[in-house]
Amino acid sequence: MVSNYLLLEEPLRMASVLEPSKPSFFPAMTKIVGTLGLNSRSVEVISGCLEAGMSVARFDFSWGDAEFHQETLENLKVAIKATKKLCAVMLDTVGPELLIVNKSENTISLEEDSFVILTPDQDKEATSSLLPINFNGLSKAVTKGDDIFIGQYLFTGSETTSVWLEVSEVKDNDVVCMIKNSATLAGPLYTLHVSQIRIDLPTLTDKDKEVISTWGRRNKIDFLSLSYARRAEDVIHAREFLSIFGDLNQTQIFAKIENVEGLQHFDEILQEADGIILARGNLGIDLPPEKVFLYQKEALHKCNIVGKPAVVTRVVDSMTDNLRPTRAEATDVANAVLDGSDAILLGAETLRGLYPVQTISTVGKICAEAEKVYNQDLYFKKTVKYVGEPMTHMESIASSAVRAAIKVKASVIICFTSSGRAARLIAKYRPTMPVLSVVIPRLKTNQLRWTFTGAFEARQSLIVRGLFPMLADPRHPGGPTSATDESILKVALDHGKASGVIKPHDRVVVCQKVGDASVVKIIELQD
Ligand SMILES: Nc1ncnc2c1ncn2[C@@H]1O[C@H](COP(=O)(O)OP(=O)(O)OP(=O)(O)O)[C@@H](O)[C@H]1O
Ligand SMILES: CC(=O)C(=O)O
Ligand SMILES: [K+]
Ligand SMILES: [Mg+2]
């Protein structure tokens, strides 16, 4: 029987369960995005995160100000130098997120069946009977009987600090709610969510614009995580805004789908965005829990077939306080890989968790095991069928490179690229071996000065499953000649050997342009 499930057939599966997990030169083909903050901002801890496999650092502006994040980023730079591990930078916007700030940071006890008022008056202190929120339209958006959720920022669900409320009355700008479960709110910041209600705030808020034009520009961010993307226009507007700042026109936009409205416009958003983040934290309370798994499978499938990277969030919440994930969480990580995610995003686990480094390493190990039993052959066939014929030249070259690499059991695919496009297309076919994307710099000018391209392109591949970037020497920019190509290939092979992914007598598939022709070649190493 031909399985339709992206998992290898027996007897390979049981063999894989019983064989010990093997350490490899890289933790997994699936990438890990770590949210840096409170418990993950020293050079030492960030270095540990990089060594454990984090390749994208997320700076979440819902939490902490520009100065706080700058300090963390400076430490990240030191850690990158020290570990020699590349890492991309992602700025995550606040967007139309409803937040409660608890300035005093005293815990707030809420009693089941008693009442609490939500007020837009942010000068008020947060107490057991009054919670100030950052939005003055709530009283117009909700009606009696609506459910409201309040939890610690990046709530994990297992803590006793989350509460469900029911709207019992709207009084001018205030919303009076009945408390449905007793809870103690802890920490300085809480997120508030009303299921399936449109929050009439722009997706890119004034604060977000300010942060992008200062912090984002200063740090030439690789990715913008556009929180609460609800329509294609949100992405278009964000792109227009980024393009005002010369350096940021290369920043990729990852649309973060966090509610049903975003889900309803998924196809149009995907068309405009460079990638998608399945923000299961918020979506998991906007959608009924029983619907989340199917959305995940559908969304990942859609991203995969168009070759855009997809990131899944909130996988091992319980590791925020524990050294081991629950069985359900470990299985969930593996299923995210089998469903097709490119990267896993860790939130509370690395931001305020007790074990940021161990969490990254545990998630990496689970991903690696799932990748071993991923049914690449079936996936490849489905993708080729979906793309149809005639294929574009590049699509045909990319799929041929993957096919050739699998047939000859190559240990690695080396892809020369400037824009990163060719390497991403290869990754789309989900090769079982890593793709060394050798980014060849190009010289460009803005009429005032010369600069090299390549750094953005290299770092942006750090979120794509299977891509491992390497920057070629800028002394060989521009048009390829056979002499420079040979020397670049030699550097790439040496890099592969030094990192342990290429061994003597291995076969390697190389994808490059020779003159005008795109070629796929197979080389057999002597030593
Ligand atoms: N500097 C280079 N030297 C040799 N081959 C290259 C070089 N840059 C790209 N290629 C090859 O050219 C083909 C087109 O790849 P890709 O689309 O990435 O090219 P590009 O020049 O980076 O992009 P674009 O066509 O968008 O300008 C691929 O086969 C790729 O491996
Ligand atoms: C990470 C995030 O914002 C979410 O999962 O909702
Ligand atoms: K955010
Ligand atoms: Mg969210």
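The figures that follow rest on heavy atoms only: side chains count, while hydrogens, waters and symmetry mates do not.
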Engineer: If we ignore hydrogens and angles and just use 3.5 Å, is the side chain of Q460 paired with the main-chain N or O of Q250 as donor and acceptor?
Structural biologist: yes
Engineer: Does a side-chain heavy-atom distance below 4.5 Å link V316 with I344?
Structural biologist: no
Engineer: Side chains of I257 and I269: does their closest heavy-atom pair fall under 4.5 Å?
Structural biologist: yes
Engineer: Can any side-chain N or O of T453 pair as donor or acceptor with the backbone N or O of R442 at less than 3.5 Å?
Structural biologist: yes
Engineer: Side chain to side chain contact (heavy atoms under 4.5 Å, CB included), that's the test. Do V211 and T93 meet it? Break it down for me.
Structural biologist: CA-CA 8 Å; V211 165; T93 62; over 6 Å; no
Engineer: Taking side chain to side chain donor-acceptor pair (under 3.5 Å) as the definition, give me every residue that meets it alongside R217, ordered by chain and number, with sequence neighbours left out.
Structural biologist: none
Engineer: Kindly indicate whether the side chain of K409, heavy atoms from C-beta on, has any atom under 4.5 Å from the side chain of M433.
Structural biologist: no
Engineer: What's the shortest heavy-atom distance between V235 and A255, and which atoms?
Structural biologist: CG2-CB, 4.2 Å
Engineer: Sequence neighbours left out, what passes ring-ring contact (aromatic ring centres under 6.0 Å, His included) with F61? Give chain and number order.
Structural biologist: H69, W215
Engineer: Ignoring hydrogens and geometry beyond distance, is a side-chain donor-acceptor pair present between Q376 and T432 at under 3.5 Å?
Structural biologist: no
Engineer: Between S418 and I440, is there a donor-acceptor pair closer than 3.5 Å when you use the side chain of the first and the backbone of the second?
Structural biologist: yes
Engineer: How long is the span from the CZ atom in F59 to the CZ atom in F223, to the nearest 0.5 Å?
Structural biologist: 13.0 Å
Engineer: Given E298 and K302, is the salt bridge (Lys or Arg N to Asp or Glu O under 4.0 Å) satisfied, shown in steps?
Structural biologist: CA-CA 6 Å; E298 180 61 9; K302 286 184 169 185; 3.6 Å; yes
Engineer: Is it true that S227 and D92 share a donor-acceptor pair across their side chains at a distance under 3.5 Å?
Structural biologist: yes
Engineer: Would you give the length of the straight line joining atom OG1 of T359 to atom CD of E349, rounded to the nearest 0.5 angstrom?
Structural biologist: 6.0 Å
Engineer: Are any of the side-chain heavy atoms of Y429 and V384 separated by less than 4.5 Å?
Structural biologist: yes
Engineer: Quick one: does V89's side chain get under 4.5 Å of L76's, heavy atoms only?
Structural biologist: yes
Engineer: Can you list the residues that meet the salt bridge (charged side-chain N to carboxylate O under 4.0 Å, His left out) rule with E261, with sequence neighbours excluded?
Structural biologist: R198, R231
Engineer: Enumerate the side chain to side chain donor-acceptor pair (under 3.5 Å) contacts for residues 233-249, please, sequence neighbours excluded, ordered by first and then second residue.
Structural biologist: T203-D234, R239-D274
Engineer: Could you tell me which non-hydrogen atom of R314 sits nearest to which non-hydrogen atom of G281, and how far apart they are?
Structural biologist: CG-N, 3.5 Å
Engineer: For T313 and R280, does a side-chain donor sit closer than 3.5 Å to a side-chain acceptor?
Structural biologist: no
Engineer: Rounded to the nearest 0.5 Å, what separates atom CD1 in I463 from atom CD1 in I32?
Structural biologist: 12.0 Å
Engineer: Distance check, rounded to the nearest 0.5 Å: M470 atom CE versus I414 atom CD1?
Structural biologist: 8.0 Å
Engineer: Please find the pair of heavy atoms, one from K31 and one from G466, that lie closest to each other, and give the distance.
Structural biologist: CE-N, 4.2 Å
Engineer: Answer yes or no: does atom CG of N446 have more than 12 heavy-atom neighbours from other residues, nucleotides or ligands under 6.0 Å?
Structural biologist: yes
Engineer: Kindly determine whether I523 and L493 satisfy side chain to side chain contact (heavy atoms under 4.5 Å, CB included), including the steps that lead there.
Structural biologist: CA-CA 11 Å; I523 51 180; L493 289 170; 4.3 Å; yes
Engineer: For the NZ atom on K220, are there more than 12 heavy atoms of other groups (residues, nucleotides or ligands in this structure) within a distance under 6.0 Å?
Structural biologist: no
Engineer: Closest approach of S518 and I397, non-hydrogen atoms and distance?
Structural biologist: O-CD1, 3.5 Å
Engineer: Which heavy-atom pair separates P356 from G353 by the least distance, and what is that distance?
Structural biologist: CD-O, 3.6 Å
Engineer: Once ring-ring contact (aromatic ring centres under 6.0 Å, His included) is applied, do any residues pair with F245, and if so which ones, sequence neighbours excluded?
Structural biologist: F241
Engineer: Looking only at atom types and distance, does a side-chain atom of Q252 sit under 3.5 Å from a main-chain N or O of G275, one as donor and one as acceptor?
Structural biologist: no
Engineer: Answer yes or no: are there more than 12 heavy-atom neighbours, outside E290 itself, under 6.0 Å from its atom CD?
Structural biologist: yes
Engineer: Under the side-chain contact (heavy atoms from CB on, under 4.5 Å) test, which residues partner K308, sequence neighbours left out?
Structural biologist: L270, V306
Engineer: Are D342 and R430 ion-paired here, with the side-chain N under 4.0 Å from a carboxylate O?
Structural biologist: yes
Engineer: Could you tell me whether the side chain of T350 and the main chain of T35 form a donor-acceptor pair under 3.5 Å?
Structural biologist: yes
Engineer: Let me confirm one number: the CG-CG distance from L224 to L248, rounded to the nearest 0.5 Å.
Structural biologist: 9.0 Å
Engineer: List the steps and the verdict of side chain to side chain contact (heavy atoms under 4.5 Å, CB included) for M29 and Y374.
Structural biologist: CA-CA 12 Å; M29 301 271 269; Y374 184 71; over 6 Å; no
Engineer: Is any side-chain heavy atom of R230 closer than 4.5 Å to one of N259?
Structural biologist: yes
Engineer: Between L263 and L287, is any pair of side-chain heavy atoms under 4.5 Å apart?
Structural biologist: yes
Engineer: Any donor and acceptor pair, going by atom type alone, linking the side chain of E329 with main-chain N or O of T326 inside 3.5 Å?
Structural biologist: yes
Engineer: When you measure from the side chain of H193 to the backbone N and O of F149, does any donor-acceptor pair fall under 3.5 Å?
Structural biologist: no
Engineer: By the definition side-chain contact (heavy atoms from CB on, under 4.5 Å), identify the one residue from I406, V402, N375 that meets it with F380.
Structural biologist: V402
Engineer: Would you say the side-chain atoms of Q512 pair up with the backbone N or O of F416, donor to acceptor, closer than 3.5 Å?
Structural biologist: no
Engineer: Distance only, no hydrogens: is a donor on one side chain within 3.5 Å (strictly under) of an acceptor on the other, for T205 and D208?
Structural biologist: yes
Engineer: Counting distance only, does the side-chain N/O of R424 pair as donor-acceptor with the main-chain N or O of S461 below 3.5 Å?
Structural biologist: no
Engineer: Using 0.5 Å steps for rounding, measure from the CG atom of D332 to the CZ atom of F293.
Structural biologist: 12.5 Å
Engineer: Side chain of S361, backbone of G53: donor and acceptor closer than 3.5 Å?
Structural biologist: no
Engineer: Report yes if some heavy atom in the side chain of P469 is under 4.5 Å from a heavy atom in the side chain of L462; otherwise report no.
Structural biologist: yes
Engineer: Ignoring hydrogens, what is the shortest heavy-atom contact between I488 and A472? Give both atom names and the distance.
Structural biologist: CG2-CB, 4.1 Å
Engineer: Decide yes or no on side chain to side chain contact (heavy atoms under 4.5 Å, CB included) for I221 and M90, but give the supporting numbers first.
Structural biologist: CA-CA 6 Å; I221 50 170; M90 174 182 277; over 6 Å; no
Engineer: Can you classify the ring geometry of Y295 versus F266 as parallel (below 30°), tilted (30 to 60°) or perpendicular (above 60°)?
Structural biologist: perpendicular
